[in-house]
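When a residue number appears, it is its place in the shown sequence, counting from 1. Computed from heavy atoms alone, side chains included, the values below leave out hydrogens, waters and symmetry copies.
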Amino acid sequence: MQKAFFNKKLVIILITLIISFLLIAFSISVRNNRNTPSFVQKIGNESAGLVNRVVDLPLTAISNLGTAISDLHNTYEENELLKKKIDSLAATKIENQTLKSENKQLKQQLHLNKSLTDYTKVTAYVLARTPSAWQNQIIISKGTNAGIVKNSAVVSDQGLVGRVTEVNATNSKVELVTTKNDAANRFAVQLTNDKGETVNGLITGTSGKFLVMGQITNNAKVKKNTKVVTSGMGGTTPQGIYVGKVVKVSTSGDSSNTKIYIQPAADMNKLNIVTVAKRTD
């Protein structure tokens, strides 16, 4: 049954094609024959146009489809190329931001180095920092090969960071000023109040996020936000390195019981580049 139906469709298609070719031939014949009545020529021309449209329609559709596929492929390739360019620009932007930040830190560190005139300055990168000793120590990228010696002060562009406690050939261990180690070698510091009176003392420990200045030399009145710097006493630390500012003063009896709480100037959580200050004499 299906085969007979298929054969019937095939016959109809063949007949249609034959009629179409006959119409084309007829239209050409009557169009070229000047003696043919105009009415007959008109029918021939209309027949030829109809046949041309029937034949051209699928060809035009196929051509348009090919063009659309080609345009779609080109659009896809352009889109992929643009994606790659965007990714490349993003990576370049991040790299430039990193270099800009590092360059700024190096410039700030260079400015600091110019102020430490009586000391040899060695700039180093922070190599490692263990979570268990986050507030106690860091490892820096310079050691004896660069002239680093034990007990040298370590600073950032913001202020005092700590002191070198162990030196190897290519790296050194730095004990931070915020260390919780009670046996740490503490820094001698000083401040000057509004009346010009100098108060000396030692960083004796920490209290939360603050440094504690103890062993105060006198009972001079100290206000909040007074700057605290290194005194240079002991000979291993440059004088005048910014330590931080006063946030609170606790007084009980004489000066020996006075505690001054200091907000550290250096951000110990963002140490990337530091300078080691070593005495030249």
For this session: Measure the shortest side-chain to side-chain distance between Val177 and Phe187 over non-hydrogen atoms and say whether it is less than 4.5 angstrom.
Result: yes
Exercise. Would you find a donor on one side and an acceptor on the other, under 3.5 Å apart, between the side chain of Ser152 and the backbone of Val164?
Worked result: no
Exercise. Roughly how far, to the nearest 0.5 Å, is CD1 of Ile203 from CD1 of Ile262?
Worked result: 4.0 Å
Exercise. Which value, rounded to the nearest 0.5 Å, describes the distance between Arg186 atom CZ and Glu175 atom CD?
Worked result: 7.0 Å
For this session: Find the distance between CD1 (Ile148) and OG1 (Thr170) and round it off to the nearest 0.5 Å.
Result: 11.5 Å
For this session: Would you name the heavy atoms of Tyr242 and Gln158 that are closest together and state the gap between them?
Result: CD2-O, 3.6 Å
Could you pull out every donor-acceptor pair under 3.5 Å between side chains of residues 139-146 and any protein atom, sequence neighbours left out?
from	atom 1	to	atom 2	distance (Å)
Ser141	OG	Tyr125	N	2.9
Ser141	OG	Tyr125	O	3.4
Lys142	NZ	Thr123	O	2.9
Thr144	OG1	Asn168	O	3.4
Asn145	ND2	Ala169	O	3.3

Exercise. Which atom names give the shortest non-hydrogen contact between Pro264 and Phe210, and what distance separates them?
Worked result: CD-CA, 4.5 Å
For this session: Please check if Val155 and Met268 belong to a single hydrophobic cluster, counting links between Ile, Leu, Val, Met, Phe, Trp and Tyr side chain heavy atoms closer than 4.5 Å.
Result: yes
Exercise. So, the side chain of Gln215 versus the backbone of Thr204: is there a donor-acceptor pair under 3.5 Å, distance only?
Worked result: no
For this session: Go through the steps to decide whether Leu191 and Ile260 satisfy the test side chain to side chain contact (heavy atoms under 4.5 Å, CB included), and finish with yes or no.
Result: CA-CA 11 Å; Leu191 57 86; Ile260 297 176; 3.9 Å; yes
Exercise. Which is it for Asn136 and Thr179 under the side chain to side chain contact (heavy atoms under 4.5 Å, CB included) test, yes or no, and what are the steps along the way?
Worked result: CA-CA 4 Å; Asn136 293 337; Thr179 181; 3.3 Å; yes
For this session: Please list, chain by chain and in numerical order, all residues satisfying side chain to side chain contact (heavy atoms under 4.5 Å, CB included) with Thr198, sequence neighbours excluded.
Result: Gln190, Thr192, Asn200
Exercise. Where do Val212 and Thr206 come nearest, in terms of heavy atoms and distance?
Worked result: CG2-C, 3.8 Å
For this session: Please list, chain by chain and in numerical order, all residues satisfying side chain to side chain donor-acceptor pair (under 3.5 Å) with Asn193, sequence neighbours excluded.
Result: Glu197
Exercise. Closest heavy-atom contact between Ser156 and Val161?
Worked result: N-CG2, 3.5 Å
Exercise. Among the clusters formed by ILVMFWY side chains lying less than 4.5 Å apart, do Val154 and Val167 turn up in the same one?
Worked result: yes
Exercise. Applying the 4.5 Å side-chain criterion to the ILVMFWY set and letting contacts propagate, would Leu211 and Val199 be lumped into a single cluster?
Worked result: yes
Exercise. Between Arg129 and Trp134, is there a donor-acceptor pair closer than 3.5 Å when you use the side chain of the first and the backbone of the second?
Worked result: yes
For this session: Could you pull out the closest heavy-atom pair between Asn218 and Ile216, with the gap in Å?
Result: O-CG2, 3.1 Å
Problem set entry | Separation between OG1 of Thr226 and NZ of Lys245, rounded to the nearest 0.5 Å | 11.0 Å
Exercise. How long is the gap from OG1 on Thr178 to NZ on Lys180, to the nearest 0.5 Å?
Worked result: 7.0 Å
Exercise. Do Val122 and Ile241 belong together in a cluster built from hydrophobic side chains that touch within less than 4.5 Å?
Worked result: yes
Problem set entry | Shared hydrophobic cluster for Val249 and Met213 (ILVMFWY, side-chain gaps under 4.5 Å) | yes
Exercise. Would you say Lys209 has more than 12 foreign heavy atoms packed within less than 6.0 Å of its NZ?
Worked result: no
